[in-house]
Amino acid sequence: LAAAVDQILEGNRRAIARLISQLENNQPAALDILAELYPHTGQAYLVGITGAPGTGKSTLVNELAKLYRGQHQTVAILSIDPTSPFTGGAILGDRIRLKDLAGDSGIFIRSMATRGSLGGLARAAADAITVFDAASFEIIIIETVGVGQAEVEIARLAHSVIVVEVPGLGDEVQAIKAGLLEIADVFVVNKADRDGVDRTVAALKMMLDLTRDSPAKPMLHHGVVMDISPPPSSPAAEIRWQPPICKTIATTGAGVDTVIEALTQHRAYQQSSGLLGQREQTRLLFEIEQILKERLLAGLMSKLSQTQFNDILTQVTERQLDPYTAVETLLRLGENQKS
Ligand SMILES: Nc1nc2c(ncn2[C@@H]2O[C@H](COP(=O)(O)OP(=O)(O)OP(=O)(O)O)[C@@H](O)[C@H]2O)c(=O)[nH]1
Ligand SMILES: [Mg+2]
């Protein structure tokens with residue numbers, strides 16, 4: 001155990017990869033290692049990046065990582081994406097540049113497929129972040145496709161969230177449809193080599209102006225365990241963050257430095273306003289809730305037989321039982337099993 005812990009803390013790449021796999025596969029021994037690593041975490045800065053499929057997120061992440069490396073920052077990338085070019089899956093236009101990154105010990109790239117339950121995915125992603133953090137990666141970038149609530153949630157819980165948009169048809173802003181407007185700390189209009197960039201920027205600006213005068217929304221939290229109290233009000237917290245809009249051509253790297261600059265400013269803003277601590281709390285609460293839900297559900301299911309469960313399901317399907325009563329019944333069956 002101690003050896004495995006030390007290997008991670010020293011940044012041993014094989015040990016990192018192995019532990020993340022073990023955590024993904026729910027191996028109990030890995031949880032002991034995670035517990036030992038946990039006191040060594042809390043240093044990394046988490047950057048979430050999301051947006052519609054094919055907007056150039058991975059290409060952009062690649063460029064961001066290169067610039068951060070130029071500043072001597074270490075970067076871990078978690079790509080939650082079945083068609084990630086990082087895995088050599090689908091698109092490999094950037095093979096050469098990815099090779100550049102691959103030889104660099106200050107970069108670690110890991111992809112996670114969206115197979116299985118998304119709840120489990122959120123937990124596995126959180127575990128990977130803990131491992132990267134313990135291994136002293138300073139910047140952790142989490143890429144998820146901006147479709148599906150659970151996937152968006154994973155990116156949203158980062159310290160800074162980038163929403164990637166591309167010039168579309170007319171004034172349409174995809175981020176609005178996907179419900180991503182509210183979660184962006186930094187907007188990137190990528191593929192700025194295409195027609196209509198300025199129209200997209202203008203449309204985004206207009207949408208932001210429309211929401212600007214509405215009262216500040218606290219970070220939404222859909223959990224049930226507890227409410228998060230707002231941070232003690234400081235003068236800086238009174239000043240609303242205005243998400244900047246950066247134009248980039250990820251394939252050439254043009255404009256990516258402005259994204260780094262925006263992230264640096266957002267980080268400084270969050271630190272001085274006390275909002276960083278609040279986000280961190282929200283993220284960890286979400287993490288605890290995920291684990292709790294999984295545990296409680298697994299605990300109950302282990303006490304019920306498949307037949308018992310199927311019987312209840314059939315009754316609900318046939319409208320003999322409503323879902324709430326069904327849950328009451330399942331809980332009662334589980335209770336009786338115990339005694
Ligand atoms: N013209 C142009 N093409 C770009 C730009 N950025 C990325 N692309 C291309 O867009 C395609 C998709 O890029 P990715 O980086 O894989 O996009 P993604 O958002 O990660 O895609 P998913 O993860 O599948 O949602 C690739 O062919 C890229 O080369 C850009 O700035 N301009
Ligand atoms: Mg991608």
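Worth saying up front: this structure is predicted, and the values here are computed from it rather than measured. Each ligand, and each atom within it, is numbered from 1 in the order the structure gives.
Residue K191 holds the heavy atom nearest to atom 3 (N) of ligand 1 of all those in K247, E63, K191. Of the candidates V166, N190, T59, the one placing a heavy atom closest to atom 28 (C) of ligand 1 is T59.
Relative orientation of the F137 and F132 rings is perpendicular, given thresholds of 30° and 60° on the angle between their planes.
Here's the thing with R194: none of its N/O atoms is less than 3.5 angstrom from an N/O atom of ligand 1. The shortest N or O to N or O distance between E143 and ligand 1 is below 3.5 Å. Residue contacts with ligand 1: A52 is placed with no nitrogen or oxygen under 3.5 Å of a nitrogen or oxygen of the ligand (distance criterion only). Annotation: P53 places no N or O atom under 3.5 Å from an N or O atom of ligand 1; distance criterion only. Residue L60 has no N or O atom closer than 3.5 Å to an N or O atom of ligand 1.
Applying the side-chain hydrogen bond (donor to acceptor under 3.5 Å, both in side chains) definition to pairs two or more places apart or across chains, those involving residues 126-142 are T74-E138, R123-D127.
Side-chain atoms of T41 never come within 3.5 Å of backbone atoms of L37 as a donor-acceptor pair (strictly under, hydrogens ignored). The backbone N or O of A52 sits less than 3.5 Å from a side-chain atom of K57, completing a donor-acceptor pair. A side-chain donor-acceptor contact under 3.5 Å links N190 to the backbone of A250.
A donor and an acceptor atom, one from each side chain of S21 and R110, are located under 3.5 Å apart. No donor-acceptor contact under 3.5 angstrom links the side chains of Q290 and E294, judged on distance only.
For ligand 1 and I249, the ligand atoms under 4.0 Å from any heavy atom of the residue are 31 (O). Those atoms of ligand 1 that come under 4.0 Å of a heavy atom in V145, given as number and element, are 25 (O). Every atom of ligand 1 with a heavy atom of S58 under 4.0 Å away is listed here by number and element: 15 (O), 18 (P), 20 (O).
Y45 is linked by a ring pair (Phe, Tyr, Trp, His ring centres under 6.0 Å) to H159, counting only residues two or more places apart in sequence or in another chain.
Shortest distance from the Mg ion (ligand 2) to E143 is reached at OE2 (N/O/S atoms only).
When distances to the Mg ion (ligand 2) are checked against a cut-off of 2.8 Å, T59 contributes no N, O or S atom below that limit.
Contacts of D193 with ligand 1, taken as heavy-atom pairs under 4.0 Å, involve the side chain alone.
Taking 4.0 Å as the cut-off between side-chain N and carboxylate O, E335 and R332 do not count as a salt-bridged pair.
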